[in-house]
Colleague: 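Starting off with a structure, shown below.
Chain identifiers are assigned alphabetically (A, B, ...) following the order of the sequence lines, protein sequences preceding nucleic acid strands; residue numbering begins at 1 within each chain.
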Amino acid sequence: MSVVTRFAPSPTGLLHIGGVRTALFSWLYARRHGGKFILRVEDTDRERSTDEAVRVIVEGMQWLGLAHDEGPYFQTARFPRYQEVIAQWLAEGKAYRCYCTKEELEQLRTEQMARKEKPRYDGRWRDRTDSRPGVDPVIRFRNPLEGEVVVEDQVHGRVVFRNSELDDLVIARGDGTPTYNFCVVVDDADMGVTHVIRGDDHLNNTPRQMNMLAALGAKIPVYAHVPMILGPDGAKLSKRHGAVSVLQYEEDGYLPDALLNYLVRLGWSHGDQEVFTRAEMVAAFDIADVNKSASAFNPEKLLWLNQQHLMHSDPATVVPYLKPHLARVGIDIATGPGADDAFLARIVVAQRERVKTLKEMAQASRYFFGEAVELDAKAATKHLSDEGREVLTALRATLEGVTDWTAAPLNAALNAFATARGIGLGKVAQPLRVAVTGNTISPPIDLTLELLGRERSMARLDRALQP
RNA sequence: GCUCCUUUCGUCUAGAGGCCCAGGACAUAGCCCUCUCAAGGCUGUAACACGGGUUCGAAUCCCGUAAGGAGCGCCA
């Protein structure tokens, strides 16, 4: 059997990491088994669905590199198909019209709650054939009254529900539009979905869906309900923490592979391995190894992983992700000593050990671009004092004599200079660093000089030495 | 309230009856390295929710309890 998985977000809120993780699991499972991954947008709630949310889903998935093999399908485009099934079920008696008013149902619920019962529809129109003028009926699915539905869940194991706990759910509203649980069933059946991987908040919906799938004569897919992601405080994921648009992570300077790596390790592990490339994830992932309990989102670990990916990736692959961040901090690449991708790749290598995000990398790389540099007042006071200036003045002559402006010779010259003067390298490197970068932090001074180039380095040194 | 789900260091997890007075990772503390910041190395602090069983032996099996979560919509 060929595997077909799907990611079916609803565009009523912006796609966030919770959704991304279920998408990732579905994608991983399909890739791992050489199957098909479908993207389906569940937009039956026209009131709350927004174009913005659809955009985030499509762009987000694209940024993440979770490519779908089919779709995106939109449920609103499939209404005729849903109507067809409803008409058929009505004819076959698998569904029926219910003329209850909302007030009536509200009253029923209130009474049941008062009796400490689980509120549910009591089936009062289940066997009626008359109608009630003035009320647009809803269509309800005729759920079996007896027996059990057994979900053989890949992560939770065997979960049993009694049909007596289930009521006849609404599959079409008074205005004729179909509802979520019903659309899911028709879609999963029509699209040949073999593995349904979704959040475990849907576990309770599963028996109803299985009953409808049976009514449709469709094969029951394999279910895997993965635990939810909690906020760092252990509470439900909120806007304040993590429940932001997945595109926010791009803006914050994360690499898609790092975010995916972080997310896959939430509720899943493979021995002691923490860092996974995309290929490693695909090779090692199995839905059956996913944990059952919810896990808290930990921003620090995401940050750490992002740096791990920055450090272990081929720098050339990082450059395209860095560029937008350079632009965002106002850097014009053309004003650097090298305006090509190769130069940017060298910056990536030089900076990646000292930053955790691409955003930080861009901010920390300002001095590699533009001609002059602005000296940080505090740094200048400390390192460009009389003593520092005296050292730099002498050093200037030494640097003039360096013919091969690359890290190794520069390093040798700097060390020889310090040794000759009987001072530590720190007394030389720090004033020089402040002079050429404007501040006290940069990659090793020899590499910094090399990347800046001879001309730019000397010009900045001279400028710093001016009274 | 009813139904369903969950419970190992602060956090993510390893652990499928003896290998565990519980291992790894993030975070945190200290040390080392060092031209800055980092990265890296070493060391430390820190957990089996609780109570009963079963067993020679339980984090692992069983039963309760507690706590957290989800669902119970003409939302998805």
Colleague: May I ask you to check whether A:His202 and A:Tyr180 place their ring centers less than 6.0 Å from one another?
Modeller: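 Ring centres of A:Tyr180 and A:His202 closer than 6.0 Å.
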Colleague: Starting at the 5' end of nucleotides 44-49 of chain B, put B wherever the base has a protein heavy atom under 4.0 Å, S where only the sugar-phosphate does, and a dash everywhere else.
Modeller: ------
Colleague: Please work out if A:Lys356 contacts a base, only the sugar-phosphate, or nothing of the nucleic acid, heavy-atom cut-off 4.0 Å.
Modeller: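 Counting heavy atoms under 4.0 Å across all strands, the contact made by A:Lys356 is with sugar-phosphate only.
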Colleague: Under 4.0 Å between a side-chain N/O of A:Gln209 and OP1 or OP2 of B:rG71, yes or no?
Modeller: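 No, no such contact exists.
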Colleague: Counting the benzene-type ring for Trp, do A:Phe285 and A:Trp268 have ring centres under 6.0 Å apart?
Modeller: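 A:Phe285 vs A:Trp268: aromatic centres under 6.0 Å.
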Colleague: Return the nearest nucleotide to the side chain of A:Val138; candidates are B:rC72, B:rU3, B:rC74.
Modeller: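 In terms of side-chain proximity for A:Val138, the closest of B:rC72, B:rU3, B:rC74 is B:rC74.
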Colleague: With rounding to the closest Å, how many angstrom separate the C1' atoms on B:rA47 and B:rG23?
Modeller: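 Taking atom C1' in both B:rA47 and B:rG23, they lie 12 Å apart.
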Colleague: Under a 3.5 Å cutoff, is there a donor and acceptor pairing between the side chains of A:Ser442 and A:Thr448?
Modeller: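 A:Ser442 vs A:Thr448: donor-acceptor pair found between side chains.
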Colleague: Between A:Asp404 and A:Thr406, do the side chains contain a donor N or O and an acceptor N or O under 3.5 Å apart?
Modeller: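 Result is yes, a qualifying pair exists.
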Colleague: Distance check, C1' atoms only: B:rU28 and B:rC12, in whole angstrom units.
Modeller: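 Looking at atom C1' only, B:rU28 and B:rC12 are 16 Å apart.
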Colleague: Under 4.0 Å from OP1 or OP2 of B:rU6: is there any side-chain N or O of A:His156 that close?
Modeller: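 Result: yes.
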Colleague: Within the structure, does a side-chain N or O atom of A:Gln307 lie under 4.0 Å from either OP1 or OP2 of B:rA39?
Modeller: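 For B:rA39, OP1/OP2 do have a side-chain N/O of A:Gln307 under 4.0 Å.
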Colleague: Which value, in whole Å, describes the distance between the P atoms of nucleotides B:rA14 and B:rU6?
Modeller: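 Their P atoms lie roughly 15 Å apart.
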Colleague: How does protein reach along nucleotides 9-16 of chain B, written 5' to 3' as B (base within reach of a heavy atom under 4.0 Å), S (only sugar-phosphate), or - (no contact)?
Modeller: --BBSS--
Colleague: Could you identify which residues of residues 432-446 of chain A place a heavy atom less than 4.0 Å from some atom of RNA chain B, listed by residue number, or say none?
Modeller: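 The stretch gives A:Arg433, A:Thr440, A:Ile441, A:Ser442, A:Pro443, A:Pro444, A:Ile445, A:Asp446 as the residues lying under 4.0 Å from the strand, ordered by number.
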Colleague: Please state the P separation for the pair B:rU45 and B:rA22 - nearest whole angstrom.
Modeller: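 Straight-line distance between the two P atoms is 11 Å.
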Colleague: Indicate whether any N or O donor in one side chain lies under 3.5 Å from an N or O acceptor in the other, for A:Thr437 and A:Asn439.
Modeller: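 Judged by distance alone, the side chains do not pair up.
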Colleague: So, does A:Asp122 use its side chain to make a donor-acceptor pair with the main chain of A:Arg124 at under 3.5 Å?
Modeller: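 Judged by distance alone, yes, a pair lies under 3.5 Å.
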Colleague: State whether A:Lys102 places a side-chain N or O below 4.0 Å from either non-bridging phosphate oxygen (OP1 or OP2) of B:rG73.
Modeller: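 The answer is no; no side-chain N or O of A:Lys102 sits under 4.0 Å from OP1 or OP2.
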Colleague: Please tell me whether A:Gln112 and A:Arg115 have a donor and an acceptor in their side chains that are separated by less than 3.5 angstrom.
Modeller: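 No, no side-chain donor-acceptor contact under 3.5 Å.
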Colleague: Ignoring hydrogens, what is the shortest heavy-atom contact between A:Leu399 and A:Met458? Give both atom names and the distance.
Modeller: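 In terms of heavy atoms, the two residues are closest at CB-SD, 4.0 Å.
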Colleague: Side-chain donor or acceptor of A:Asp45 under 3.5 Å from a matching atom on the base of B:rA76?
Modeller: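 Looking at the base of B:rA76, it does not pair with any donor or acceptor on the side chain of A:Asp45 (distance under 3.5 Å).
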Colleague: More 5' along RNA chain B: A:Ala429 or A:Pro9, using each one's nearest nucleotide?
Modeller: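 Going by which nucleotide is closer to the 5' end, it is A:Ala429.
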Colleague: Looking at A:Lys292, does any N or O in its side chain come under 4.0 Å of the phosphate oxygens OP1/OP2 on B:rU6?
Modeller: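 For B:rU6, OP1 or OP2 has a side-chain N or O of A:Lys292 closer than 4.0 Å.
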Colleague: Around atom CD of A:Glu400, are there more than 12 heavy atoms from other residues, nucleotides or ligands closer than 6.0 Å?
Modeller: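 More than 12 within 6.0 Å, yes.
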Colleague: Please tell me whether A:Asn306 and A:Asn261 have a donor and an acceptor in their side chains that are separated by less than 3.5 angstrom.
Modeller: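 Distance-only check fails for A:Asn306 and A:Asn261.
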Colleague: Is the shortest side-chain N/O distance from A:Arg109 to OP1 or OP2 of B:rC72 below 4.0 Å?
Modeller: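 For B:rC72, neither OP1 nor OP2 has a side-chain N or O of A:Arg109 closer than 4.0 Å.
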